[in-house]
Amino acid sequence: MQNKQKLEVIFRENLKYYRIRSKLSQEKLSGLLSKNINYINMIEGGKSIPPLSMIERIAEILNVEPHYFFIPLDYKESFDKIHFIEEASLQIANKTQEILFNLFNQ
């Protein structure tokens, strides 16, 4: 049987991963949540576990689906690449449409 990580550990690792990916410090994320400056530090350090409603708020700020916090990082690396490509493609298409619209409506 595989050595499975505890859900709390997976959550903490993912919170840190998505926070850093969003270029937010622990203090900044805590502030965005209207919490004490050490709130995220306490969670990432394993001293506190947020309620589900707070996980939803954190996910919204970090622009991820809440359930992503509970998927081991090594499992979703390829998924993140696909998500990034889809997002980038959509942004490129939208920008191209905007440029063409402006070009033909001058």
Side-chain angles (χ1 to χ4, degrees):
M1 186 171 175
Q2 282 185 334
N3 184 16
K4 294 189 178 191
Q5 286 182 294
K6 284 186 161 188
L7 201 53
E8 290 177 24
V9 174
I10 294 168
F11 174 77
R12 289 194 312 262
E13 288 176 355
N14 284 331
L15 172 59
K16 183 176 182 179
Y17 170 80
Y18 288 118
R19 177 182 58 76
I20 291 171
R21 188 177 82 169
S22 296
K23 297 181 170 87
L24 292 175
S25 66
Q26 291 178 341
E27 294 80 12
K28 179 69 175 173
L29 181 55
S30 293
L32 292 171
L33 295 166
S34 301
K35 293 291 186 179
N36 180 288
I37 195 164
N38 294 316
Y39 184 72
I40 297 300
N41 180 271
M42 297 289 287
I43 296 170
E44 288 182 4
K47 295 179 176 99
S48 178
I49 298 173
L52 291 176
S53 60
M54 184 57 68
I55 292 172
E56 288 176 330
R57 286 183 61 202
I58 293 169
E60 184 178 336
I61 290 170
L62 298 180
N63 199 29
V64 297
E65 293 294 325
H67 67 273
Y68 285 12
F69 289 121
F70 301 100
I71 302 170
L73 284 171
D74 58 344
Y75 177 78
K76 65 176 176 273
E77 284 178 1
S78 62
F79 178 80
D80 280 346
K81 291 174 189 172
I82 292 169
H83 180 73
F84 174 79
I85 290 168
E86 288 172 350
E87 281 294 313
S89 298
L90 182 60
Q91 290 177 12
I92 290 168
N94 288 340
K95 192 64 176 176
T96 302
Q97 184 179 12
E98 178 186 326
I99 290 169
L100 290 173
F101 181 81
N102 289 335
L103 181 66
F104 289 109
N105 288 315
Q106 288 182 346

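These values consider heavy atoms only, across backbone and side chains, with no hydrogens, waters or symmetry-generated copies.
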Next item on the list: Check the surroundings of atom CD in Glu27: do more than 12 heavy atoms from other residues, nucleotides or ligands lie under 6.0 Å from it?
Entry: yes
Notebook entry, point to check: Does Phe69 share a hydrophobic cluster with Ile71, counting links as ILVMFWY side-chain heavy atoms below 4.5 Å and allowing steps through other members?
Noted result: yes
Check: Given the rule that I, L, V, M, F, W and Y join up when any side-chain heavy atoms are under 4.5 Å apart, are Leu7 and Tyr68 in one cluster?
Finding: yes
Checklist line | Contacts of Ser89 that satisfy side chain to side chain contact (heavy atoms under 4.5 Å, CB included) - sequence neighbours left out | finding: Ile85
In Å, rounded to the nearest 0.5 Å, how long is the span from [atom1] of [X] to [atom2] of [Y]?
X: Tyr17; Y: Ile10; atom1: OH; atom2: CD1; value: 15.0 Å
X: Leu103; Y: Thr96; atom1: CG; atom2: OG1; value: 12.0 Å
X: Leu100; Y: Asn105; atom1: CG; atom2: CG; value: 10.5 Å

Margin query: Going by salt bridge (charged side-chain N to carboxylate O under 4.0 Å, His left out), name the pairs with one or both residues in residues 90-102, residues two or more places apart or in two chains.
Written below: Lys95-Glu98
Can I get a per-line list of side-chain donor-acceptor pairs under 3.5 Å for residues 50-60, giving both atom names and the distance, sequence neighbours left out?
from, atom 1, to, atom 2, distance (Å)
Arg57, NH2, Leu33, O, 3.2

Check: Parallel, tilted or perpendicular: which describes the rings of Phe70 and Phe11, with under 30° parallel and over 60° perpendicular?
Finding: parallel
Using distance only, find each side-chain donor-acceptor pair of residues 35-42 under 3.5 Å and give its atom names and separation, not counting sequence neighbours.
from, atom 1, to, atom 2, distance (Å)
Asn36, OD1, Asn38, N, 2.7
Asn41, ND2, Gln26, OE1, 3.0

Note to self: Give me the atom names and distance for the closest heavy-atom approach of Val64 to Arg21.
What the structure shows: CG1-NH2, 3.5 Å
Notebook entry, point to check: Who passes side-chain hydrogen bond (donor to acceptor under 3.5 Å, both in side chains) against Glu13, sequence neighbours left out?
Noted result: Gln5
